[in-house]
Asker: 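Below are the structure tokens for one structure; questions will follow.
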Protein chains: 2
Amino acid sequence: MTAHGEGVRDGDAHGAEEPASEQQSSDGVAIPEPQDRAKAIPEAAVARLAVYLRVLSGFAEQEVHTVSSEELAVAAGVNSAKLRKDLSYIGSYGTRGVGYEVAVLIGQIERTLGLTQQHSVAVIGIGNLGHALANYGGFPSRGFPVAALFDLDPDLMGVPVGGIPVDHVDDIPRVCAERDVTIGAIATPAKGAQEVCDRLVQAGVRCVLNFAPVVLQVPEEVEVRKVDLAVEMQILSFHVARRSQETSESTTSEAEAEADGAAQSKTRDVNAGVNPVDGMVVRP
Amino acid sequence: MTAHGEGVRDGDAHGAEEPASEQQSSDGVAIPEPQDRAKAIPEAAVARLAVYLRVLSGFAEQEVHTVSSEELAVAAGVNSAKLRKDLSYIGSYGTRGVGYEVAVLIGQIERTLGLTQQHSVAVIGIGNLGHALANYGGFPSRGFPVAALFDLDPDLMGVPVGGIPVDHVDDIPRVCAERDVTIGAIATPAKGAQEVCDRLVQAGVRCVLNFAPVVLQVPEEVEVRKVDLAVEMQILSFHVARRSQETSESTTSEAEAEADGAAQSKTRDVNAGVNPVDGMVVRP
DNA sequence: AGTTGTGAACCGGTTCACAGCC
DNA sequence: GGCTGTGAACCGGTTCACAACT
């Protein structure tokens, strides 16, 4: 298990071989970093932990104090084995034969995700999406206060959006430093994205959520996540196509025949974890 | 409530309809898909194909008619081996020793993704995000015309947003059928999402892009992709935390001894699946 | 009894490296 | 020479199934 032990990989896959960065000793066998323990939570698991957290918050609100992995799994749309595995990455906080205490789990997941401290967000590009982000209630309520807004448009300068006045992108370094911004959300058109990103990095921002359809070039220590709406749509399109092509023909356009006959059988969720999406940059 | 699993016990979303490959038993034959079709394009590859398509469009605009896998890979932010593998899933349209013809590749990818036909989109929940979606120019230009808008607010009824009048959610079945909507984008608050989703399904919509922070329950034949901004933020938060906690050491990698190749300054991108595109002229 | 935690098997996807063709 | 296409090795993540514990 992960708690101090030899993380021996099974025989099938060659354990060893970590991707570079291993100060492999001169000769001996490559030992899998004994020191670097607590880490190693799979990226996919991290995404799901965020989901579990939201579900747990719901349970907490309903005064539910204890949940089993099965209950939590169903609510989160995953199977219980995976859920337990995910939770095991952050430690052992359950009680066998009983389940998990909601409050404890919430606290531990928050700690793992680094939510115990606030992360101020700056939104760049105050178009439709920028407005949506600035007003999105889900951010502040989850520890991500929007602390700064930027745009190029002179007409927007000083105008408050969601309670925060818009500043000029040239002021990104100064304002971000002043307000201690740690996350930048780029909602500009594709063309200006890289420049905006450079300024954010210059201002010390290490995490970027990119909605613009471009590949951002950033230093190694900066983390970029991309959300591309057009890509999401095309993925759906692919499934539509495959589906109809499988149905032989005539999908029965108005097939309202079954209507609710389907009912909610199972939770068919393609993206068990999280899917990126979107990238809208509208600029009248 | 917890639907205590009586009889259902599923919980696991089997992704495909007919994967059915039960190979737990060791009775010998592997039982290879009886009805093996042209399927089998990895989900992750589909996402990347959409990215390649965008990059290719850029090349086409610049009058570039031929590209090598290496050029395309760099522009798309992936390595060439992966790119070639991805393209091989849709067929062999390259010329050894030369490369790919841009126009041909665009056509083939569009065909694969089902973009040769239009997919009308309905946006439900005309708040900030809904507005952004309704006005997103990237949709219509890529074959996803927004054909209907819905909301609950009486004040919005009939008001045109992005050129399309808002209808009441109660009219989802009728309007969606009339306008042949195939994709529904749910941008409502969490509480109303499931109900809206049910109506969409009832209206025959088989693909849903969900922006609401809830796990939607849908029949097996419906495809749901979820976009959760709060989750994205939390993933970034996790990396911030991990990073700062690692600050105790120098960020620079240890002595690499010798140039062991590799190097390859990759574009640090956390997103495992989709890598952004590159406008190829990202530098003003 | 009931449920967690986790080694081990398993699988999908990525990377390697080279055969095949221009 | 260069570049594509792909089998095979590899790796990370998922699922299984059971030991450990309450």
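A note on names: the letters A, B, ... follow the listed sequences, proteins ahead of strands, and every chain is numbered from 1. Atoms considered below: every heavy atom in the structure, side chains included; atoms not considered: hydrogens, waters and symmetry mates.
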Asker: If you check every side-chain atom of B/Lys82, which of C/dG5, D/dT6, C/dT15 has the closest atom?
Answerer: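 Nearest to the side-chain atoms of B/Lys82, counting from C-beta on, is C/dT15.
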Asker: C/dT4 P sits how many Å from A/Leu83 CG, rounded?
Answerer: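 Those two atoms, CG and P, are 9 Å apart.
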Asker: Whole Å only: how far is the CG atom of A/Asp86 from the P atom of D/dG13?
Answerer: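 Distance, rounded to whole Å: 11 Å.
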Asker: Flag the pair B/Glu43 and B/Arg225 as a salt bridge only when some basic side-chain nitrogen lies within less than 4.0 angstrom of an acidic carboxylate oxygen.
Answerer: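 A salt bridge is present here (some side-chain N lies under 4.0 Å from a carboxylate O).
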Asker: Grab the two heavy atoms, one from B/Leu216 and one from B/Gln194, that are nearest each other, plus how far apart they are.
Answerer: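 Answer, listing the atom of B/Leu216 first, then B/Gln194: CA-OE1, 3.5 Å.
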Asker: Write down the distance between CD (A/Glu71) and C1' (C/dG2), rounded to a whole number of angstrom.
Answerer: 12 Å
Asker: Round to a whole Å and report the spacing from CZ of A/Arg48 to P of D/dG13.
Answerer: 9 Å
Asker: Of all the heavy-atom pairs spanning A/Arg54 and B/Val214, show the shortest one and how long it is.
Answerer: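 Looking at all heavy atoms of both residues, the closest pair is NH2-N, 4.0 Å.
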Asker: Is there a side-chain polar atom (N or O) of A/Ser69 under 4.0 Å from OP1 or OP2 of C/dT4?
Answerer: yes
Asker: What integer distance in Å separates A/Leu72:CG from C/dG5:C1'?
Answerer: 15 Å
Asker: Rounding to a whole Å, what distance do you find between A/Tyr89:OH and D/dG12:P?
Answerer: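 To the nearest whole Å, that distance equals 12 Å.
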Asker: For the pair made of CG in A/Leu87 and C1' in D/dG13, what is the distance, rounded to whole Å?
Answerer: 16 Å
Asker: Could you report the tightest heavy-atom contact between A/Leu83 and A/Tyr52, atom names first, then the distance?
Answerer: CA-OH, 3.7 Å
Asker: Nearest whole Å is fine: how far is D/dT14 P from A/Glu43 CD?
Answerer: 11 Å
Asker: Taking only the side-chain nitrogens and oxygens of A/Tyr100, find out if one of them lies under 4.0 Å from OP1 or OP2 of C/dG5.
Answerer: yes
Asker: Provide the closest heavy-atom pair for B/Ala193 versus B/Ala212 in the form atom of the first, atom of the second, distance.
Answerer: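 Between these two residues, the closest heavy atoms are CB-CB, 3.6 Å.
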Asker: If you look at every heavy atom in A/Leu113 and B/Ser237, which pair is closest and at what distance?
Answerer: O-OG, 2.6 Å
Asker: Tabulate protein N/O versus nucleotide N/O from nucleotides 16-22 of chain C, keeping only pairs under 3.5 Å, one per line.
Answerer:
{"residue": "C/dG20", "atom": "N3", "partner": "B/Arg96", "partner atom": "NH1", "Å": "3.1"}
{"residue": "C/dC22", "atom": "O4'", "partner": "B/Arg96", "partner atom": "O", "Å": "3.0"}

Asker: Walk me through whether A/Arg84 and A/Glu70 qualify under salt bridge (charged side-chain N to carboxylate O under 4.0 Å, His left out).
Answerer: CA-CA 9 Å; A/Arg84 287 199 303 278; A/Glu70 183 62 30; 6.0 Å; no
Asker: Given C/dT3, D/dG13, D/dC3, identify the nucleotide with an atom nearest to the side chain of A/Pro42.
Answerer: D/dG13
